[in-house]
4 protein chains.
Amino acid sequence: MTYSVAVAGASGYAGGELLRLLAGHPEFEIRTVTGHSSAGRPLIESQPHLRSLAELTLQPTEPEVLDGHDIVFFALPHGASGALTAQLRDVRLAVDCGADHRLESATDWAAFYGGEHHEPWAYGVPELPVAGEGSLAKQRDRLVGAARIAAPGCNASTVSLSLAPGIAAGVIEPRDIVSVLAVGPSGAGKAAKTHLLGAELMGTANPYAVGGTHRHIPEIRQALRAAGASEEPSLSFTPVLVPMSRGILATSTARLAAGASAGEVRAAWEAAYSDEPFVHLLPEGVFPRTADALGANTCLMGLAIDEAAGRVVVVAALDNLAKGTAGAAIQSANIALGIPETTGLPMNGVAP
Amino acid sequence: MTYSVAVAGASGYAGGELLRLLAGHPEFEIRTVTGHSSAGRPLIESQPHLRSLAELTLQPTEPEVLDGHDIVFFALPHGASGALTAQLRDVRLAVDCGADHRLESATDWAAFYGGEHHEPWAYGVPELPVAGEGSLAKQRDRLVGAARIAAPGCNASTVSLSLAPGIAAGVIEPRDIVSVLAVGPSGAGKAAKTHLLGAELMGTANPYAVGGTHRHIPEIRQALRAAGASEEPSLSFTPVLVPMSRGILATSTARLAAGASAGEVRAAWEAAYSDEPFVHLLPEGVFPRTADALGANTCLMGLAIDEAAGRVVVVAALDNLAKGTAGAAIQSANIALGIPETTGLPMNGVAP
Amino acid sequence: MTYSVAVAGASGYAGGELLRLLAGHPEFEIRTVTGHSSAGRPLIESQPHLRSLAELTLQPTEPEVLDGHDIVFFALPHGASGALTAQLRDVRLAVDCGADHRLESATDWAAFYGGEHHEPWAYGVPELPVAGEGSLAKQRDRLVGAARIAAPGCNASTVSLSLAPGIAAGVIEPRDIVSVLAVGPSGAGKAAKTHLLGAELMGTANPYAVGGTHRHIPEIRQALRAAGASEEPSLSFTPVLVPMSRGILATSTARLAAGASAGEVRAAWEAAYSDEPFVHLLPEGVFPRTADALGANTCLMGLAIDEAAGRVVVVAALDNLAKGTAGAAIQSANIALGIPETTGLPMNGVAP
Amino acid sequence: MTYSVAVAGASGYAGGELLRLLAGHPEFEIRTVTGHSSAGRPLIESQPHLRSLAELTLQPTEPEVLDGHDIVFFALPHGASGALTAQLRDVRLAVDCGADHRLESATDWAAFYGGEHHEPWAYGVPELPVAGEGSLAKQRDRLVGAARIAAPGCNASTVSLSLAPGIAAGVIEPRDIVSVLAVGPSGAGKAAKTHLLGAELMGTANPYAVGGTHRHIPEIRQALRAAGASEEPSLSFTPVLVPMSRGILATSTARLAAGASAGEVRAAWEAAYSDEPFVHLLPEGVFPRTADALGANTCLMGLAIDEAAGRVVVVAALDNLAKGTAGAAIQSANIALGIPETTGLPMNGVAP
């Protein structure tokens, strides 16, 4: 079966990555692409790398343009999709790559985003361990048959995937987690801002949102709670812009739970991911590079136990636009629709 | 039909890219991968981005390991494949990504490479206009049914594709061409050399092979002769290493032929490439970026006529490992075997 | 003696580099810095690297703020300084880093810039050979005692320095020059533009102003005429943005003049630059990297003769903000005021 | 007075940076430079950015070549300086940029380096708070008149400077510190290694020494003990190579001590650094970029208190070769010799 697809916000980075992956998906047909200031213009002007879609023209991002497609992917600025998705009547599956439908807690929403809190949708990180539904239940189960999906924040899913297996198994403590991320600027979007200029970002590392203000913090805490955290998670989270257009390398550390052995720790991650097609625990002593996940729907992870520091260190790499956003959205859509989960999603990175 | 495939030199950059593309090819089955110092080790150790091939182990690069496959791709250092390919008895199609079988002229070989000159094989740039076989004959015709193919030099094919249409149409002069290329260091291979260290190449532009010594010069002249150059081509050629792991941006200029009008010039390139799936002339005033071809088997090209300088300027972008090497090899293999030419080859780049 | 100095446009990239160099100049005292939207704010907010100037506050860019200083450096957008400089009454030396006072030809100005043409000032590239005043006359002579100086365009001075010695000596032809430049985006300024975002420029090479439209073309032709070109120079000029914040690597080629020997060619450049403190011809076979000139008032140059192509190839590296703009401005100011020319100017680059 | 200076290991990155800074030092005269495989060659071949030192020739790194200078700086691989420094008889001041003389604990040396443990020398981070000698005693005091100085590890000094003020003041806990560093590859030296190739490091973030194995860990613990840690410090430390040639951005977090108020925390760092010329605490809400310290002997630091996480976050930026190594060495030498501390050391970074 072929599903008709619309992508709202097709002129931006997340929209472009959705289209790049959708163009290779055998069961999805891109029928409509929309933009805001670029409406009426050929898609190829804003996405010159998408040669196979050179015939498409951007339409305005309006409910009547989007309604009637089997699937609509939203790649709009935060706050823009909530009102729009409420007006869709005849869309079998809506997938929002923005934040509007991610948070369950209205309090968290108010504290970190502000404005109207929209209902939470099924969270699009299939591999996340979740508590209470068996020893190895996953978020995947909640996506089957879903009509509304919230794709994750790219930094949030990297950190959540890094730690949820240990939280679920009780081998690390949910309190006093520390995550520091090296991230590329494509995650900040295509809007022209002085501090995102090439001259400002090349040859330098630039921290931002230091001190507990980043919007992905409550999303991570929510995922770790869902994984069965024995107490409320707490997290020091610092992202650092580094000179690569794409990629997230998250170094996350958590305290070893009392009595947890090294074998139990590694076993928790192995059990969680050994059967996963897109999340891989690397062998002992091996750690990932973001390049190895570039353009792929893949998250690579290395784990070490630092006995002297009393901490487990997990280093995870993924492509913020691919597995971090557009790939997660399509993978979740595959699950929701009963299509084989790996359909249309590259496993291999583009390296070097 | 499924063809069995071996890749010799699978631990290097060109070998890795061959495997990345072959992994997505529906009619090729990667059966054997070989390496030199890495023989006996898992492929994933040297190619950590190729998750879908994590089960493969590198074997030694020896004739008996390679013989018996339908197709063997060679991604070995220059000079290494010539002796090896001579020993193959039962290989339907051999494709050499090294230089050994590219040059027809033993004199050029002696001047630019030295050592034994091997017989030239069918040159793997299908889109190149060639003279004498009709108004729009292409190198493609010579690849149909070929048993031995020489994949092109990455810089050479970029420049040859840039200028051959104008040479074939007689609208630019074959003498006094000037090409300057911004290139990424992956083209220089994976051997550890001080001048290729990250610290030496980041944040800086480094020229090399200045003054007419680069080995791709005779290959370009050969291609332009084949395109029907009215006199022996001459070429000033300067590559510059810039801080991107992959990519070639070639700026090539040639003198306008006497009497050639602007319309005739653009028409020559349009006629040559308007039906090509992988080589695209961009609209007037639009020029390509290497990012738009990253990971794709695509060459993007922009053209301007500088009346004041009396020159045509062609700027072409491609990925040195993809369209420049591995993609060209697989595209040519498709043609040789009668498989649809675009099979298994990505058209869209990974950007931003 | 200490000269009082004002810098207009101190919040931008050229202004920042002027201040960085001026802070180390023993005879200049930075008394006033001005900005536009940042007026009233501490300088350190827009120039966080200038710790030694943390006490300065930006004032508005107005004639009465600038008047009365011994020296005023202008680092304003093109077109902004012309009107302003006309209103200065009590300024011993004005140095304009914008284009307003560079071009002698009103026709060129109209064709490449438009708007009002201002009077040309003494051109601030001291090392440029100029014709008619002796065998090795230099532009330096015209700067002695000057009250008004036009600092050069960064790309223009790189190319002009590359070729003027050969033009002056008659060993290369002034017609049919081809220059291709790898340039960093700091030359494009600090204004937020989508195509200059880090995500757009990292990992990719992006050409611009292809086909003879770049504004530095008439400036180069003017310099080569001044060097004694035997006929009107013509130039194909293509800049390519590459992923480094600073730097220009210009590859320039010109046809060997009939009868010029290899020895005569190299001798022309050696004669021009052997006594220069800031422009260096590297030994045969050695070519420069932009990193070697980073932050320095230095231009490094390598030269090759490509007999087969009939061309001389000069590769020159400099820092667009330092020797390309701010360093040239201060060096010229030193000459104008009779201060030793090298005062306050770093010779050594910051590498790796 | 002018001191005669020799630099051993002058062909490497640390040696090059020593020379770049020494070249601008008014009281030091570079008399001798030595190398290993490059002995006998002109310095400019291995350090092409040091134009002002183009006349120097590398001599062999032997005791008789080094002896007799007032000052010898060692920039040799770890383990190489220990034996050499023991043979010097007539050198007033020796400064070792290697690790050989940094660690007081033979146990730590054996665990992290191995081989012979050499005597610890005065530790070259003047700004480090040290306990027991007054409320704001500094490591500086121990450098006055010193004859033997161990310049710090670049990562170690970044983290130690980040945390020592809070340790000294008792406002953060010395246990369970977490530091993650984005670092450029110049810190890994100039030896050719595959994993340090440009193609491997551009466009990607690569972790290394994960899990408590990095050699700078005991050095940090030693510095924090010296600062007066109330219990033995423990530290999770993860460096990540990112695509910039130079720079360290260290994100360090420590638990708030019980009862410490936000005001007391910030006050601790302000008290420690408000009078320092080279270490700066940025205003609340402002965090540093490595570019702002490029080429300078400056460490910039931002501090936030994350109440929800119960942690203080300090983000510190410096140039690993400048303030991290060569600058610290020269600054310490100035102090040892009674020269004004800031002599010859740039405060302003080279940005953008």
Side-chain angles (χ1 to χ4, degrees), chain B residues 175-184 197-208 210-213 217 234-238 240-249 251 253 255 285 287-292 294 302-315 317 351-352, chain C residues 175-184 197-208 210-213 217 234-238 240-249 251 253 255 285 287-292 294 302-315 317 351-352:
Chain B
R175 291 199 62 76
D176 209 17
I177 292 163
V178 179
S179 290
V180 179
L181 297 85
V183 303
L197 285 175
E200 297 289 312
L201 297 181
M202 290 170 183
T204 182
N206 296 18
Y208 68 100
V210 181
T213 65
I217 292 173
S234 77
L235 176 74
S236 168
F237 178 95
T238 311
V240 178
L241 283 168
V242 301
M244 57 190 189
S245 60
R246 296 179 172 220
I248 295 173
L249 191 92
T251 301
T253 82
R255 292 204 292 242
F287 296 89
R289 314 177 298 181
T290 57
D292 293 327
L294 189 98
L303 180 149
I305 298 168
D306 184 340
E307 300 279 3
R311 285 191 168 253
V312 173
V313 185
V314 179
V315 183
Chain C
R175 291 199 61 78
D176 209 17
I177 292 163
V178 179
S179 290
V180 180
L181 297 86
V183 302
L197 286 175
E200 299 289 312
L201 297 181
M202 290 171 181
T204 184
N206 296 16
Y208 69 100
V210 181
T213 64
I217 292 173
S234 77
L235 176 74
S236 169
F237 178 95
T238 311
V240 177
L241 284 168
V242 301
M244 55 191 192
S245 60
R246 293 179 174 220
I248 294 174
L249 191 92
T251 301
T253 83
R255 292 204 293 243
F287 296 88
R289 316 177 295 181
T290 57
D292 293 326
L294 189 96
L303 180 150
I305 298 169
D306 184 340
E307 301 277 4
R311 283 189 169 257
V312 173
V313 185
V314 180
V315 183

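This one's a predicted model, so the numbers in the text were calculated from it and none came from an experiment. Lettering follows sequence order; numbering is per chain, from 1.
For Ser245(B), no part lies under 4.5 angstrom from a heavy atom of chain C. In this structure, the portion of Ala304(B) lying under 4.5 Å from any heavy atom of chain C is its side chain and not its backbone. Heavy-atom distances place the backbone of Ala308(C), and not its side chain, under 4.5 Å from chain B. If you measure heavy-atom distances from Val210(B) to chain C, the contacts under 4.5 Å come from both the backbone and the side chain.
Ranked by heavy-atom pairs under 4.5 Å with chain C, the first of Asp292(B), Val178(B), Val313(B) is Val178(B). Heavy-atom pairs under 4.5 Å with chain B peak, among Gly285(C), Gly212(C), Ala205(C), Gly310(C), at Ala205(C). Each of Gly203(C), Ala309(C), Gly211(C) has some count of heavy-atom pairs under 4.5 Å with chain B, and the biggest count is that of Gly211(C). Comparing Glu200(C), Met202(C), Arg175(C), Glu307(C) by how many heavy-atom pairs each has under 4.5 Å with chain B, the most go to Glu200(C). Chosen from Ala351(B), Gly184(B), Gly302(B), Ala291(B), the residue pairing most often with chain C at heavy-atom distances under 4.5 Å is Ala291(B).
Nearest approach of Val242(C) to Ala182(B), heavy atoms of both residues: CG1-CB, 4.5 Å. The two residues Thr253(C) and Ser236(B) make their nearest non-hydrogen contact at CG2-OG, 3.7 Å. Summarising the geometry of Pro243(C) relative to Met244(B), their closest heavy-atom pair is CG-CB, 4.5 Å, with the distance given to 0.1 Å. Here the shortest heavy-atom pairing between Pro352(B) and Ala199(C) reads CB-O, 3.4 Å. Here the closest non-hydrogen pair linking Pro207(C) and Pro288(B) is CD-O, 2.9 Å.
The backbone N or O of Val180(C) lies less than 3.5 Å from no partner atom in the side chain of Thr251(B), so there is not a single donor-acceptor pair.
Within the 4.5 Å cutoff, no side-chain heavy atoms of Leu241(B) are placed close to those of Arg289(C).
Distance OG1/Thr204(C) to CZ/Arg246(B): 13.0 Å, rounded to 0.5 Å. Here Asp306(B) contributes atom CG and Thr213(C) contributes atom OG1; the two are 8.5 Å apart, rounded to the nearest 0.5 Å.
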